[in-house]
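Residues take their numbers from the sequence shown, with the count starting at 1.
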Amino acid sequence: MVLFDRYPGGKRYACTFSYDDGGEQDIRLIELFNKYGMKCTFNLYSKVLHDPNRKINLSSLKEIYAGHEIASHAYSHPHLEKMPLKLQYDEVIKDREAIEPVWGEIIRGFAYPFGTFSDDTKHALKTAGIVYARTVNSAINGFAPPNDFLEWNPTTHHNESADAIRRFIYNVEKAPWRAGGLLYIWGHSYEFDNANSPVKWAEFEEKLKVLAAHEYDIWFGTNAEVYDYLQAMKSIRVSADGKIYYNPTDTDVWVSNGDENVKIGACQKVIIE
């Protein structure tokens with residue numbers, strides 16, 4: 001039986017991270033992610049990035065965030081849902097217009113400032129070319145990918161991540177019949193320097209070590225990479241008899257067929273008996 005429950009390379013699980021606001025602690029955080037072969041999405045609001053005296057400013061983005069993803073956090077980090085629809089749209093477009101020319105990539109992701117939004121906010125995001133948006137609400141469905149990518153609930157904030165990571169690793173190690181789970185951790189890098197924070201740099205690095213030790217079955221991707229992969233998976237066309245699989249996208253997709261992992265390459269047809 002063919003199951004759509006694999007990630008790139010045939011891995012059974014995926015992990016992604018999301019960090020907000022663009023504080024200078026992002027530099028140290030990126031060093032940790034790079035050390036353990038992980039990727040992160042950094043949500044920036046460009047109003048503060050025009051200041052050349054900041055360690056992280058518009059001119060430094062390409063060098064600092066290389067290998068990771070930059071997403072929008074609106075231009076001025078407002079409560080979007082309190083604004084007229086047009087101004088919500090303007091906040092997103094203005095942020096993209098400031099960052100994209102120096103970043104050199106198209107911004108398609110978003111994190112809601114303060115975690116607040118309305119239906120109008122989601123409409124404004126779609127109009128502004130945003131395809132996914134992260135909330136601050138821990139996912140009630142555990143490790144399942146979102147049904148609505150414009151209300152993408154993370155699994156956990158890093159301060160409360162111990163139990164989620166424990167359960168996630170249990171699935172990887174002890175439950176070979178399970179697959180398709182996604183661990184999504186978010187936060188602010190400046191929180192690691194907060195004296196009252198339960199998780200500081202050393203504790204967080206230990207969590208990364210635990211996850212990295214299971215890279216044989218965990219795929220680490222940015223938010224956009226996860227989104228693109230799951231969208232490609234949904235796009236697979238299947239023949240009436242369930243034997244022919246065609247991938248019309250530019251993203252390779254893996255599925256499981258019993259104990260075998262099968263790659264359905266970009267723009268390729270595969271016959272699975």
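- The neighbour count for K82 NZ, taken as heavy atoms of other residues, nucleotides or ligands under 6.0 Å away, does not exceed 12.
- To the nearest 0.5 Å, atom CD of residue E205 and atom CH2 of residue W201 are 10.0 Å apart.
- Two rings, from F114 and Y112, have their centers 6.0 Å or more apart.
- Using a distance-only test at 3.5 Å, with no hydrogens or angles considered, no donor-acceptor pair links the side chain of E81 to the main chain of S118.
- The OG1 atom of T121 lies 10.0 Å from the CD atom of E151; values are rounded to the nearest 0.5 Å.
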Item to check | Derivation of the salt bridge (charged side-chain N to carboxylate O under 4.0 Å, His left out) call for K122 and D148 | outcome: CA-CA 11 Å; K122 292 169 67 175; D148 182 354; 2.7 Å; yes
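- Taking 4.5 Å as the limit, every side-chain heavy atom of R12 sits out of range of all side-chain heavy atoms of D5.
- Taking CG of N57 as the start and CG of L49 as the end, the distance is 7.5 Å to the nearest 0.5 Å.
- Here R166 pairs with D163 in a salt bridge; the nearest charged N to carboxylate O distance falls below 4.0 Å.
- One finds the CZ atom of F117 at 9.0 Å from the CG atom of L150 (value rounded to the nearest 0.5 Å).
- For T41 (side chain) and S18 (main-chain N/O), no donor-acceptor pair under 3.5 Å exists by modelled atom type.
- Of the charged side-chain nitrogens involved, none lies within less than 4.0 Å of a carboxylate oxygen, so that E203 and K200 do not count as a salt-bridged pair.
- Annotation for H79: atom NE2 counts as buried by contact number, over 12 foreign heavy atoms lying within 6.0 Å.
- By the 30° and 60° cut-offs, the orientation of the rings of F149 relative to Y227 is perpendicular.
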Checklist entry - Taking it one step at a time, do D26 and K55 satisfy salt bridge (charged side-chain N to carboxylate O under 4.0 Å, His left out)? => result CA-CA 10 Å; D26 280 4; K55 285 188 177 180; over 6 Å; no
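- A 4.5 Å side-chain heavy-atom check between Y45 and I99 finds every atom pair outside the cut-off.
- The CD atom of E225 sits 10.5 Å away from atom NE2 of H68, with the distance rounded to the nearest 0.5 Å.
- Cation-pi geometry between K269 and Y246 is not met: the NZ or CZ atom fails to fall both under 6.0 Å from the ring centre and inside 45° of the normal.
- Judged by distance alone, with hydrogens and angles left aside, the side-chain atoms of S256 form no donor-acceptor pair with the main-chain N or O of G258 at under 3.5 Å.
- Here ring pair (Phe, Tyr, Trp, His ring centres under 6.0 Å) pairs that include residues 8-28, with residues two or more places apart or in two chains, are Y13-F168, F17-F33, Y19-H158.
- By the 4.0 Å N-to-carboxylate-O rule, R54 lies too far from E24 to be salt-bridged with it.
- With values rounded to the nearest 0.5 angstrom, N247 atom CG is found 3.5 Å from I236 atom CD1.
- At least one donor-acceptor pair closer than 3.5 Å links the side chain of H214 to the backbone N or O of V210.
- With hydrogens and angles ignored, the 3.5 Å screen pairs a side-chain donor or acceptor of R96 with a backbone N or O of A128.
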Item to check | Residues V92, Y75; criterion side chain to side chain contact (heavy atoms under 4.5 Å, CB included); working and verdict | outcome: CA-CA 6 Å; V92 183; Y75 177 75; over 6 Å; no
